[in-house]
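Below you'll find the structure, written out as structure tokens, and then a few comments.
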Amino acid sequence: MRSLFNTFRGILLILMFSSLIASAQIHMRYYDVDAVALYPGLQQATGEKKADILNLLSFHYSFRDADSCRYYADSALQISRGIGYAAGEAEALRNLGHLFNMLGNFYQALEYYHHAYDMYEIHGSKRKQAELLYDIAETNYLAGDFSRTIEYGERAGKMASEANDDGTPVASPWEIAFLKATLGITYREYGDYDRSIAYMKEYLQFVGDSAFPAVEHSMFLNCVGHVYFLQGKYDSSLVYFKKAGFMEGNDPELVAMKTGAIYLLGEVYQKLGNMPEALKYHQQALATYRQFGQLEMVCLELINIGKIYNKGKNFQEAESCFRQAWQVAGQMLESGSIYANDSVADLPFAGFQIYKRYSPTEIRIFVLSSAMQANRALSGFYLARGDSARSYSYFMQYASWKDSLDQVNRMVELQDIQSKYETDRRKQQIDLLSTENEMQQNRLRQNRYLFATLGGMIILILFTAFLLFRQSRIRNRQKEAALEQKLLRSQMNPHFIYNSLASIQNKIINEEADQAADYLARFSLLFRNILEGSMEETISLREEITTITNYLELQSIRFPERFTFLIHTDSRLDPEEIFIPPMLAQPFIENSIEHGFRQLERPGNLAIRFLPDHESLLMEIEDDGIGRRRAQEILWQQDKGHKSLATAITRDRIALINKKRKKKITLDIIDLKDEAGNATGTLVRFRIPAKTLCSGF
């Protein structure tokens with residue numbers, strides 16, 4: 001899993017180099033329409049003219065004000081339909097697509113775009129069709145469907161290269177070059193770097209010495225450099241970043257784009273190990289970001305510079321940079337903005353702003369990410385200096401902002417699922433109504449259309465079966481998500497968390513800095529492994545063993561001399577090549593420690609074994625505690641309302657997993673007894689079907 005810092009950096013890079021995919025038309029920026037000049041004419045206009053003005057106003061607001069965009073688009077749609085103005089209706093539908101694109105409801109946006117394209121295909125010009133194809137391509141890009149992005153991008157490029165019926169070109173030369181570069185960006189996100197470079201070179205050859213808008217040209221040069229950067233060809237990336245970063249001109253937009261290239265020059269020199277050059281360019285970018293009040297980039301650059309100082313053992317400067325980043329993050333949290341003032345919001349420091357303002361949700365993500373990174377940088381810095389108290393304080397702040405960011409991301413994912421569900425539901429309703437109408441017509445023509453009626457009924461049955469199957473899958477996913485939440489809560493036992501934090505606090509109070517730092521590091525690693533594992537269907541056996549070992553070592557510190565443990569992995573197994581569902585064993589290990597050994601007068605013994613069994617993995621957890629029956633009796637005496645959920649949750653989870661597998665996972669819990677029938681412990685055995693390249697298994 002990537003570090004959170006790299007995740008944050010990745011978000012910025014994607015925004016910086018994905019601006020093409022956010023344009024409303026092939027070349028028009030969202031603020032190119034002069035709304036003030038349109039209002040006077042709106043009062044006197046009627047018919048098609050009024051619909052056209054309303055559509056222009058809707059377009060103007062489609063990347064900044066959702067309510068105004070919807071109002072003008074709905075008004076244009078109503079007038080156009082009333083007078084039979086097909087082109088006006090199509091443009092209104094397109095603007096509604098822009099609206100939902102801005103709101104992040106990409107499936108709804110695509111529905112409007114496709115509807116508009118169908119109308120333009122009949123009533124409009126090739127120019128409008130090319131623009132709609134591009135709209136569809138860019139929306140699929142934002143939705144993460146790169147294959148459809150390429151499909152519609154290729155179609156848009158082909159149509160843009162054609163001529164209209166009157167012989168005039170569909171698109172200008174630089175718009176065609178624009179589309180070439182856009183496809184290069186898409187292939188880069190698709191991971192096809194060779195084809196990405198090929199399209200970028202076509203763009204460069206197409207532009208040649210012609211007058212191309214400087215801001216866009218700087219941006220595309222950055223894109224070429226970024227592809228080389230991703231390939232590890234740093235010398236080539238330097239060439240293009242320098243071309244982009246040192247173009248002539250002081251226009252604020254160009255300065256903003258050039259600053260992005262300066263920032264990336266610092267990144268490249270860091271990769272090359274040339275820290276003086278890296279520091280120079282990061283400081284230069286920082287100065288510009290401060291000048292223009294780009295707070296989130298100021299925060300990021302301060303962290304970058306602080307890390308360079310820290311690596312060079314200039315700890316005083318490193319601490320100063322990290323603390324400045326923390327203060328800037330606090331400023332963003334207080335204002336709820338990534339800008340020092342709104343006047344700089346349109347400057348394209350991340351490229352994206354050339355065509356589209358950030359949504360409130362995107363800004364919230366940037367603010368929380370900045371706070372998270374600043375606190376993490378300070379926590380790591382103080383931990384390395386041996387100041388575990390301050391490290392712990394900043395780490396808890398980091399964890400708090402990370403939780404907030406995770407909540408926002410989950411909300412975005414939920415909105416995406418809901419919007420897709422609503423789109424599918426509306427489509428299903430339309431299809432069902434269409435089928436019902438067809439069946440009604442067939443009944444009126446029973447003798448003439450008998451076979452058509454039967455065919456319609458068969459289609460309806462198949463469609464209904466498909467809906468039932470789909471609904472079943474949705475219910476299973478919801479159940480699986482709820483179970484994952486229960487599982488995560490069972491792994492992150494509140495008592496364990498509280499006691500662990502109390503242990504850390506106690507060691508800090510007792511001035512046991514080394515032990516506190518070691519405990520905190522193990523505690524953080526355990527939490528990271530649990531969180532990462534909860535998001536994956538399977539993990540390697542090596543990762544599972546690491547998590548179990550870390551958990552047992554923490555419990556050994558908490559309960560010294562209460563138990564010993566042994567983890568045995570058969571030599572015929574290759575833990576790197578075997579993948580199993582995460583955290584199946586942990587609830588039973590916890591039960592052994594918390595309940596099996598609690599009443600023993602001697603130290604307990606715990607054994608975890610991983611053994612081969614034909615094409616399956618045997619995972620065994622064996623303890624010599626007081627046994628399940630006695631442990632349950634004690635729990636009932638202490639808390640009559642106690643109900644253990646770990647075993648039930650694990651069985652439910654296995655049942656869900658087994659629905660997807662031909663070979664099933666099995667769970668057996670065996671009560672161990674001596675010859676006299678007295679409890680001598682518990683054996684938990686999982687049999688997990690697994691494939692491996694190791695010999696003998």
**Request:** Kindly say whether A389 contributes a backbone atom to a donor-acceptor pair with the side chain of S393 at under 3.5 angstrom?
**Result:** no

**Message:** Would D623 and F563 count as a side-chain contact (heavy atoms from CB on, under 4.5 Å) here? Give the steps.
**Reply:** CA-CA 10 Å; D623 68 61; F563 71 96; over 6 Å; no

**Message:** Would you say that M619 contacts I665 through its side chain, given a criterion of any heavy-atom pair below 4.5 Å between the two side chains?
**Reply:** no

**Asked** Can you tell me how far the CZ atom of F565 sits from the CD atom of E553, to the nearest 0.5 Å?
**Response** 5.0 Å

**Fill in**
On a heavy-atom basis, the closest approach of M583 and P587 is O-CD, 3.6 Å

**Prompt:** Rounded to the nearest 0.5 Å, how far does CZ of R542 lie from OG1 of T569?
**Reply:** 7.5 Å

**Asked** Would a line drawn from the ring center of F322 to the ring center of Y394 be shorter than 6.0 Å?
**Response** no

**Asked** Given side chains that start at C-beta, do those of L584 and L667 come closer than 4.5 Å, heavy atoms only?
**Response** no

**Item:** H595 side chain near Q632 side chain, heavy-atom distance below 4.5 Å
**Value:** no

**Message:** Could you report the tightest heavy-atom contact between T149 and N140, atom names first, then the distance?
**Reply:** OG1-C, 3.3 Å

**Prompt:** Given the side-chain rings of F395 and Y392, with only the six-membered ring counted for Trp, is the space between their centroids under 6.0 Å?
**Reply:** no

**Asked** Step by step, would you call R609 with L618 a side-chain contact (heavy atoms from CB on, under 4.5 Å)?
**Response** CA-CA 8 Å; R609 295 183 289 269; L618 286 184; over 6 Å; no

**Request:** For residues R572 and P612, report the shortest heavy-atom separation together with the two atoms involved.
**Result:** NH2-CG, 3.2 Å

**Prompt:** Would a line drawn from the ring center of F229 to the ring center of Y234 be shorter than 6.0 Å?
**Reply:** yes

**Item:** Between CZ on residue R148 and CG on residue L110, distance to nearest 0.5 Å
**Value:** 9.0 Å

**Asked** How far does OH of Y193 sit from CG of L230, to the nearest 0.5 angstrom?
**Response** 4.0 Å

**Message:** Which heavy atom of E296 sits nearest to which heavy atom of S370, and what is that distance?
**Reply:** CB-OG, 3.9 Å

**Request:** Show your working on side-chain contact (heavy atoms from CB on, under 4.5 Å) between Y228 and I197 and close with a plain yes or no.
**Result:** CA-CA 8 Å; Y228 283 122; I197 287 293; 3.7 Å; yes

**Side-chain heavy-atom pair T139, Y152 within 4.5 angstrom cut-off** = no

**Asked** Would you say the side-chain atoms of T538 pair up with the backbone N or O of P581, donor to acceptor, closer than 3.5 Å?
**Response** no

**Message:** Would you say NZ of K664 has more than 12 non-hydrogen atoms from neighbouring residues, nucleotides or ligands within 6.0 angstrom?
**Reply:** yes

**Item:** For R385, side chain to side chain contact (heavy atoms under 4.5 Å, CB included) partners two or more places apart
**Value:** N310, F315, F381

**Message:** Quick check: do N304 and E267 have side-chain heavy atoms less than 4.5 Å from each other?
**Reply:** yes

**Prompt:** Side chains of S147 and D145: is there a donor and an acceptor less than 3.5 Å apart?
**Reply:** yes

**Request:** Please name the residue in the list L617, D668, I654, I580 that meets the side-chain contact (heavy atoms from CB on, under 4.5 Å) test with F686.
**Result:** I654

**Request:** Can you measure from CD (E577) to OG (S540) and round to the nearest 0.5 angstrom?
**Result:** 9.5 Å

**Asked** Given side chains that start at C-beta, do those of L552 and I608 come closer than 4.5 Å, heavy atoms only?
**Response** yes

**Message:** Taking salt bridge (Lys or Arg N to Asp or Glu O under 4.0 Å) as the definition, give me every residue that meets it alongside R687, ordered by chain and number, with sequence neighbours left out.
**Reply:** D613

**Message:** Could you check whether any side-chain N or O of T547 sits under 3.5 Å from a backbone N or O of E543, counting only pairs where one atom can act as donor and the other as acceptor?
**Reply:** yes

**Asked** Between S369 and L405, which heavy-atom pair has the shortest distance, and what is it?
**Response** OG-CD2, 3.6 Å

**Student check: side-chain heavy atoms of L611 and H568 closer than 4.5 Å** = yes

**Prompt:** Side chains of W326 and N375: does their closest heavy-atom pair fall under 4.5 Å?
**Reply:** yes

**Prompt:** Between P575 and L573, what is the shortest heavy-atom contact and its length?
**Reply:** CD-O, 3.5 Å

**Asked** Quick one: CG on L683 to CD1 on I670, what's the gap to the nearest 0.5 Å?
**Response** 4.5 Å

**Prompt:** Just wondering, are more than 12 heavy atoms of other shown residues or ligands nearer than 6.0 Å to CZ in R602?
**Reply:** yes

